[in-house]
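Heads up: the structure comes next, in structure tokens.
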Amino acid sequence: MTTAPAGRTAPRDPGGPGAARTATRTAAAARPRSRARTALLFLAPFLLLFTGLYLAPIGYTVYQSLFRLRRSGLGLSAPTEVFAGLGNYATALGDPEFRGSLLRVLLIGLVQVPLMLLLALVLALLLDAKSTMFKRFFRLAFFLPYALPGVVGAIMWSYLVAPGLSPITAAAEHLGLHLNLTSDGMLGATIGNMLTWGWTGYNMLIIHSALQSVPAELSEAAVMDGCSAFGIAWRIKVPMIRPALVLTTVFSIIGTAQLYNEPAILHNVAPNLSSGYTPVYAAYNAVDANNFNLAATESVVLALLALVLSFGFLKLVQRRGDAL
Amino acid sequence: MNTTPTRAARPGASRWLVLGVLLVASVYFLAPVWWLLVASTKTSAGLFTGNGFWFGDFALFDNLTQVFTRQDGVYWEWLGNSALYALGGAGVSTLISAMAGYALAKYRFRGRELTFNGVLAAVLVPQPLLAVPLYLMFSELHLVNTYWAVLLPSMVSPFGVYLARIYAAASVPDELIEAGRIDGAGELRIFATIALRVMSPALVTVFLFQFVAIWTNYLLPVLMLADDHLQPVTVGVVGWQAQRALGPGAVPLNVVVTAAMVSAVPLVVLFLSLQRFWRAGLTAGSVK
């Protein structure tokens with residue numbers, strides 16, 4: 001890599017005094033360079049939009065999170081923007097409501113993500129088993145919730161749990177049970193259920209397609225050795241689809257961190273749901289209240305949390321993988 | 001197969017058990033959708049009485065009329081806006097992703113690995129997490145409450161670039177490109193006539209994923225668009241839901257339910273008719 005090709009410094013003018021051999025070598029060396037330029041041209045639209053719509057807003061948000069509006073004592077002149085250092089971060093993290101929203105997301109993630117992925121794994125393994133009937137129908141049925149827009153699913157579930165309308169509470173009432181799925185204590189479970197319903201099929205499909213690449217001979221050999229169906233699933237298939245399981249976990253962690261639609265829509269039938277229920281919800285409200293600096297700060301905190309959690313998880317499984 | 005005659009007799013009972021488990025699971029996933037379908041055929045009063053999972057007075061056509069004529073037919077505008085954002089955004093992003101993926105797969109240049117790693121990292125940045133930062137920036141640029149506020153962010157899809165790179169690397173043979181060069185075709189011409197054609201099935205997948213992502217997006221448009229006439233159908237329907245219990249402008253429940261149901265129809269149709277492209281994208285997602 002250190003030696004520069006002769007062609008780079010050679011004159012490009014083909015009519016120059018160089019011998020014919022040098023001229024062809026120059027052309028050959030120049031081609032990769034012009035190709036690199038072509039590659040950049042192909043990449044340019046994406047890079048331009050990516051810079052403008054990914055990197056710039058992220059940078060701008062970090063910048064905004066370091067400033068604060070100061071209003072003059074009488075409020076007569078326009079407020080001025082002053083550097084706040086980490087002051088906004090102290091404010092955001094000092095707010096018990098925002099801390100609560102972070103904890104809530106963590107808790108939902110800790111309980112709902114493993115349950116959902118376990119369900120997705122079990123369903124994928126069952127669908128993968130050779131003797132299973134009606135595979136096509138089941139695969140379609142499980143995946144249908146994902147084909148529905150998340151907002152439609154959330155509206156639907158908001159009515160399925162709303163007091164007075166819910167067929168679930170009506171059924172419970174028949175059994176003599178008083179159930180309120182939108183009470184403070186039940187909100188977490190209700191939202192967890194909405195997420196599980198919406199995303200299990202998606203995760204199942206990813207796991208299922210990974211399972212299909214596990215060679216059939218392995219399972220057949222294990223059957224010959226007297227391994228039970230459960231043993232095959234647990235000892236052979238699951239270890240082989242580890243990458244798919246890691247991937248779905250990371251996606252689910254990130255998905256939970258950005259939770260917004262479900263609580264926001266549930267709020268329409270459950271006014272007791274606090275309007276800072278999740279961090280994104282809190283940031284949305286800060287935007288609504290025209291407190292852009294706080295919205296920026298909360299976004300950065302949330303992004304950092306998602307980053308730490310997903311990378312932390314990756315590190316964790318990596319170390320375990322090495323130990324095995 | 002016929003390799004396991006000794007064990008083949010055993011699965012009898014467990015087979016039914018598996019079927020039972022799968023049936024229970026499919027009831028869990030299908031029943032709510034069934035409820036939505038049934039609910040969209042009911043009158044507002046009918047929604048609060050009787051069995052939610054079976055039909056009452058059939059009012060589907062009346063509901064549809066109410067949805068499509070309410071507020072001077074604003075629902076049509078919402079559907080049109082959704083189509084505009086989804087078709088426009090997905091169309092542009094597919095072309096851009098194809099170009100970028102092709103360049104990353106078929107050219108060697110400095111910074112290639114860096115670019116691709118950046119794309120991979122960006123796949124992990126969820127759109128909703130970016131929505132608030134985009135709003136903050138767009139409000140500074142006075143882009144808020146315009147079509148561009150939703151269209152522009154819809155035009156970039158790191159996941160699309162990632163998919164396009166995988167497909168370009170796997171499906172466009174170097175020999176074909178070389179043959180084109182020897183024939184004297186320019187690089188752009190090779191891309192447009194050879195690469196795009198070979199990659200086209202994969203590009204359907206890219207288009208589909210982006211189309212669905214835009215059609216279902218809620219947080220970005222609800223932040224950006226205050227004007228009814230610019231909103232996509234997701235924002236519109238949730239807006240109706242929020243108004244359902246408020247004063248004289250209240251939107252009846254049957255209208256909200258039917259409007260929600262109708263807004264899902266294009267996606268369900270798209271999904272059912274293009275199943276194999278879906279699976280192609282999801283499988284590629286699990287490769288890495």
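The chains referred to below are lettered A, B, ... by the order of the sequence lines, with proteins before strands, and numbering in each begins at 1.
Here the CG atom belonging to B/L134 is positioned 8.0 Å from the OG1 atom belonging to A/T61, to the nearest 0.5 angstrom. If you take CD on B/Q241 and NE2 on A/H267, they are separated by 10.5 Å, rounding to the nearest 0.5 Å. Rounding to the nearest 0.5 Å gives a distance of 6.0 Å between CG of B/L19 and CZ of A/F134. Distance check: B/R112 CZ to A/L40 CG gives 12.5 Å after rounding to the nearest 0.5 Å. To the nearest 0.5 Å, atoms CZ (B/F29) and CG (A/L140) are separated by 13.0 Å. In this structure, CE on A/M133 lies 4.5 Å from CZ on B/R15, to the nearest 0.5 angstrom.
Residue B/A122 comes nearest to A/F50 through the heavy atom pair CB-CE1, 3.5 Å, listed as atom of the first residue, atom of the second, then distance. The heavy-atom pair separating A/L49 from B/M155 by the smallest distance is CD1-CB, 3.9 Å. Pairing each heavy atom of A/G164 with each of B/F48, the nearest pair is O-CD2, 3.6 Å. For B/M137 against A/G52, the heavy-atom pair with the smallest separation is CE-O, 3.2 Å. The two residues A/A296 and B/L136 come nearest to each other via the heavy atoms CB-CD1, 3.7 Å. B/L130 and A/L53 make their closest contact through CD2-O, 3.6 Å (heavy atoms, listed as atom of the first residue, atom of the second, distance).
Contacts between B/L272 and chain A at a heavy-atom distance below 4.5 Å involve the side chain alone, from C-beta outward. For a residue to count as touching a neighbouring chain, one of its non-hydrogen atoms must lie under 4.5 Å from one of that chain's; by this rule B/S139 touches chain A with the side chain only. Within the 4.5 angstrom heavy-atom criterion, no atom of A/L259 approaches chain B.
When atom types are taken as modelled, the side chain of B/W215 and the backbone of A/P149 share no donor-acceptor pair closer than 3.5 angstrom. Side-chain atoms of B/W35 do not come within 3.5 Å of backbone N or O of A/L160 as any donor-acceptor pair.
Looking at B/Y135 and A/P57, their side chains never come closer than 4.5 Å, going by heavy atoms from C-beta outward. In this structure, B/S263 and A/V152 have side chains that are in contact, with non-hydrogen atoms separated by less than 4.5 Å. Annotation: side chain of A/L41 is not in contact with side chain of B/E187 (no heavy-atom distance under 4.5 Å). Counting heavy atoms from C-beta outward, A/V151 and B/V235 have side chains that stay 4.5 Å or more apart. Between A/Y159 and B/L47, every side-chain heavy-atom pair lies at or beyond the 4.5 Å cut-off. Under the 4.5 Å side-chain criterion, counting only non-hydrogen atoms from C-beta, B/F271 is not in contact with A/Y146. For the pair A/L43 and B/Y102, the minimum side-chain heavy-atom distance is 4.5 Å or more. The shortest distance between side-chain heavy atoms of B/Y28 and A/T196 falls below 4.5 Å.
Top candidate by heavy-atom pairs under 4.5 Å with chain B, chosen from A/A44, A/P45, A/S213, is A/P45. Residue with the most contacts toward chain B among A/A295, A/A147, A/A171, A/A129: A/A147 (heavy-atom pairs, distance under 4.5 Å). Annotation: maximal heavy-atom pairing with chain A below 4.5 Å, among B/F191, B/Y218, B/F109, occurs at B/Y218. Of the listed residues A/F137, A/F292, A/Y60, A/W197, the one with more heavy-atom pairs under 4.5 angstrom with chain B than any other is A/W197. Chain A forms more heavy-atom pairs under 4.5 Å with one residue of B/L270, B/N217, B/V119, B/L36 than with any other, namely B/L36. When B/S97, B/P158, B/S157 are compared by the number of non-hydrogen pairs under 4.5 Å with chain A, B/P158 comes out ahead. Top candidate by heavy-atom pairs under 4.5 Å with chain B, chosen from A/V280, A/L148, A/N261, is A/N261. Most heavy-atom pairs under 4.5 Å with chain A, from the set B/V21, B/L23, B/V212: that is B/L23.
Classification of the B/Y107-A/F42 ring pair by plane angle, with boundaries at 30° and 60°, yields tilted.
The side-chain contact (heavy atoms from CB on, under 4.5 Å) test with A/Y260 singles out one residue from B/V132, B/L219, B/L129, and that residue is B/L219.
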Q.
Assess the residue pair B/L253 and A/L165 against the criterion (side-chain contact (heavy atoms from CB on, under 4.5 Å)); give the C-alpha distance rounded to whole Å, side-chain angles, the decisive distance to 0.1 Å, and a yes or no.
A. CA-CA 10 Å; B/L253 191 59; A/L165 195 60; 3.5 Å; yes

